[in-house]
**Student:** 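To start, I am sharing the structure in question, which I have written as structure tokens.
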Protein chains: 2
Amino acid sequence: MDNVVKNILNTVADISEEPNTAHNIRVNGKSQSRRSTENIEIKNKENGSGIDIIVKPGTKKELVHIPVVIENSGIVDLVYNDFYIGDDCDIFIIAGCGIHNDDRHLTQHDGIHTFHIGKNSKVKYVEKHYGEGSGTGENIINPVTVIHLDKGSTMEMDSVQIEGVDSTDRLTKADLADDATLITKEIIMTSGTQFAKTDFQIELNGKNSSANIVSRSVAKENSKQAFYSVINGNNQCNGHSECDAIIMDNATVKAVPDVTANHIDASLIHEAAIGKIAGEQIIKLKTLGMTEEEAEEEIISGFLR
Amino acid sequence: MDNVVKNILNTVADISEEPNTAHNIRVNGKSQSRRSTENIEIKNKENGSGIDIIVKPGTKKELVHIPVVIENSGIVDLVYNDFYIGDDCDIFIIAGCGIHNDDRHLTQHDGIHTFHIGKNSKVKYVEKHYGEGSGTGENIINPVTVIHLDKGSTMEMDSVQIEGVDSTDRLTKADLADDATLITKEIIMTSGTQFAKTDFQIELNGKNSSANIVSRSVAKENSKQAFYSVINGNNQCNGHSECDAIIMDNATVKAVPDVTANHIDASLIHEAAIGKIAGEQIIKLKTLGMTEEEAEEEIISGFLR
């Protein structure tokens, strides 16, 4: 692996070498390193469209890395990764995608990740997106995440778009059985003329199912963001959606939650707040000796933490 | 005026006779009583589609009544009422529509009310909707309210759907100039197989403009409600939208706010909460000696106050 790949792996997946964990490292549209373990099998799909990750029932405290790096300008990469997670598991999956683009060509990664999560299993899933390079070609990352949560299972999903992604269209769909829980936290930062769209579609089908969707974003300069979130409460359930955005400069942010109670025991709450950094906060930090820029930086990093 | 008309006027407009105020009472699709005053002229539109209400600049503390009653089953009534309110006014407008339907025919009133509100004027606007009668014909009321708020003006709009309206599709559109304020409070109760849709479309175009949209609703039995609210912050402005709904029995409620900040000094907040009456509240009132039904009644009437 060259240094560009190593640096990106470090940024998006906290690894710099091939890890000892179950993993698949995809570089420029091809698998560059792969390892299965006793409990976690990673294998190509028969039709060649991606990989299947099969986790044995009862697998606990194991880590899976499936990062993607593109360093050749002009690659448009589409991959299907399907996770089959048995009952009673407790695993940690680190995905993430980085693009290094030094040329003029549009470079794109669309990862379609489907999770079949078994009964009483617990999955923590972290996904980081990042772009860099001196080229003028656009960096595009369009992740699709489909989550099927069986009875009593939990998915905790953190997704972070760090910087350098010109356009992203993110779709997360989930259906929840009885006693299942979905917790997602999304952090998005855009600048320049970047565009970010994010779309959650949650079906709370199970009795005592619950979803908590939190989005925090900062839109700088001329960037645009749109947040959509559909939560349907179809049983006794709890749904909460929260979208907080800071706008700066000429940026625009749109928030469109869509909550529907189809059951008398569905309890659904949405909150959204969009605005600029409060002047008082900046003044307070300036009296502590910071410049205006340092104060803004401090407030934003606190907000996105 | 017969007793049916008198009773409905009392319910929707707090009058039982022809009032001394500027007014137009429309019964079964025709003007039954009208009065202009020195400052407020009410006249037919030339094309016969409705009335113009012209308020002289500087008119203060005057009341206008424009209620509508339909007591003949099968009437489908469409009327355009345009308000031209001069600068520096302070007036109170009471609209309202009641249908008494004793037969099998669909009976409908669609009132399209357009307000041109002059600089620094203040308008309070109350609209009540109500249906009654022993017939099986549907009662439909589809109000459209279009509000143009000039610099420094204020519109405070209260709309209440009391009961007996089988279907309603309510659209409220507003555009606000500098320093203009819109405050709306909507209360909707549905039961049986009733359907209520409400749709706000607010353009905060002016510097220091503000909108506060509050909707409180109760959906009982098999009724369905949908709340949509678009707020676009196009300048330094404040927008707040709040939708609280109680569901009972097999009712469903959908809330879809849509807030967009197109300006760095736009501050927009949305809140929505949908759920049933909390069990603890009922238990508390039962320990005070109420039956379960009385406790529910008490909680709902407090919620809708």
Side-chain angles (χ1 to χ4, degrees), chain A residues 197 201 204 210 213 215 217-279 296, chain B residues 197 201 204 210 213 215 217-279 296:
Chain A
K197 179 186 160 202
Q201 298 175 9
L204 294 169
S210 83
I213 315 294
S215 171
S217 69
V218 174
K220 291 181 175 180
E221 298 165 5
N222 294 297
S223 64
K224 290 186 194 307
Q225 294 187 8
F227 171 85
Y228 298 86
S229 147
V230 176
I231 301 181
N232 291 321
N234 307 319
N235 205 326
Q236 180 198 315
C237 63
N238 282 286
H240 177 249
S241 160
E242 183 183 326
C243 169
D244 291 318
I246 289 178
I247 44 170
M248 301 173 75
D249 313 311
N250 296 308
T252 68
V253 173
K254 184 181 189 69
V256 188
D258 177 336
V259 291
T260 304
N262 292 317
H263 191 282
I264 185 182
D265 292 312
S267 170
L268 304 174
I269 293 176
H270 169 72
E271 305 160 73
I274 309 173
K276 65 172 178 178
I277 297 172
E296 276 188 4
Chain B
K197 179 187 160 202
Q201 298 176 7
L204 294 169
S210 83
I213 314 295
S215 171
S217 69
V218 174
K220 291 181 176 179
E221 298 166 6
N222 294 298
S223 64
K224 290 186 193 306
Q225 295 187 7
F227 171 85
Y228 298 86
S229 146
V230 177
I231 302 180
N232 291 321
N234 306 319
N235 206 325
Q236 180 199 315
C237 62
N238 283 285
H240 177 250
S241 159
E242 183 183 326
C243 169
D244 292 319
I246 289 179
I247 44 170
M248 300 172 74
D249 312 311
N250 296 308
T252 68
V253 173
K254 185 182 187 70
V256 189
D258 177 336
V259 290
T260 305
N262 292 316
H263 191 282
I264 185 182
D265 292 311
S267 171
L268 304 175
I269 293 175
H270 170 72
E271 305 160 73
I274 308 173
K276 65 172 178 178
I277 296 172
E296 275 188 6

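Below, chains carry the letters A, B, ... as their sequence lines are ordered, and counting in each starts from 1.
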**Student:** Please state whether the side chain, the backbone, both or neither of D249(B) comes within less than 4.5 Å of a heavy atom of chain A.
**Tutor:**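 Contact with chain A is through the backbone of D249(B) alone.
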**Student:** Y228(A) ring centre to K197(A) NZ or CZ under 6.0 Å, with the angle to the axis within 45°?
**Tutor:** yes
**Student:** Quick check on H240(A) against chain B: is it the side chain, the backbone, both or neither that has a heavy atom closer than 4.5 Å?
**Tutor:** neither
**Student:** With respect to chain B, which residue among A219(A), S267(A), A272(A), A226(A) yields the maximal number of heavy-atom pairs within a distance under 4.5 Å?
**Tutor:**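 Top count of heavy-atom pairs under 4.5 Å with chain B: A272(A).
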**Student:** Considering non-hydrogen atoms only, spot the tightest contact between V218(A) and M248(A) and give its length.
**Tutor:**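 That would be CG1-SD, 4.0 Å.
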**Student:** Taking all non-hydrogen atoms of both residues into account, name the closest pair between L268(A) and A261(A) and its distance.
**Tutor:** CD1-N, 3.6 Å
**Student:** Chain A heavy atoms under 4.5 Å from A251(B): which part of the residue, side chain, backbone, both or neither?
**Tutor:**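 Just the backbone, heavy atoms under 4.5 Å.
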**Student:** Roughly how far, to the nearest 0.5 Å, is the CD1 atom of I213(B) from the OG atom of S241(B)?
**Tutor:**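 Reported to 0.5 Å precision, the distance equals 6.5 Å.
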**Student:** With rounding to the nearest 0.5 angstrom, report the CD to CD1 distance, Q225(A) to I274(A).
**Tutor:**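 Separation between the atoms: 9.5 Å.
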**Student:** Under a 4.5 Å cutoff for heavy-atom pairs, which residue among D244(B), N250(B), I264(B), N238(B) has the most contacts with chain A?
**Tutor:** I264(B)
**Student:** I need the N232(A) CG to N262(A) CG distance, nearest 0.5 Å.
**Tutor:**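 Those atoms lie 6.0 Å apart.
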**Student:** Which residue out of A266(B), G275(B), P257(B) racks up the most heavy-atom pairs below 4.5 Å with chain A?
**Tutor:**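 Most heavy-atom pairs within the cutoff with chain A belong to P257(B).
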**Student:** Who among T260(B), V230(B), I269(B) has the most heavy-atom pairs with chain A under 4.5 Å?
**Tutor:**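 Option with the greatest count: T260(B).
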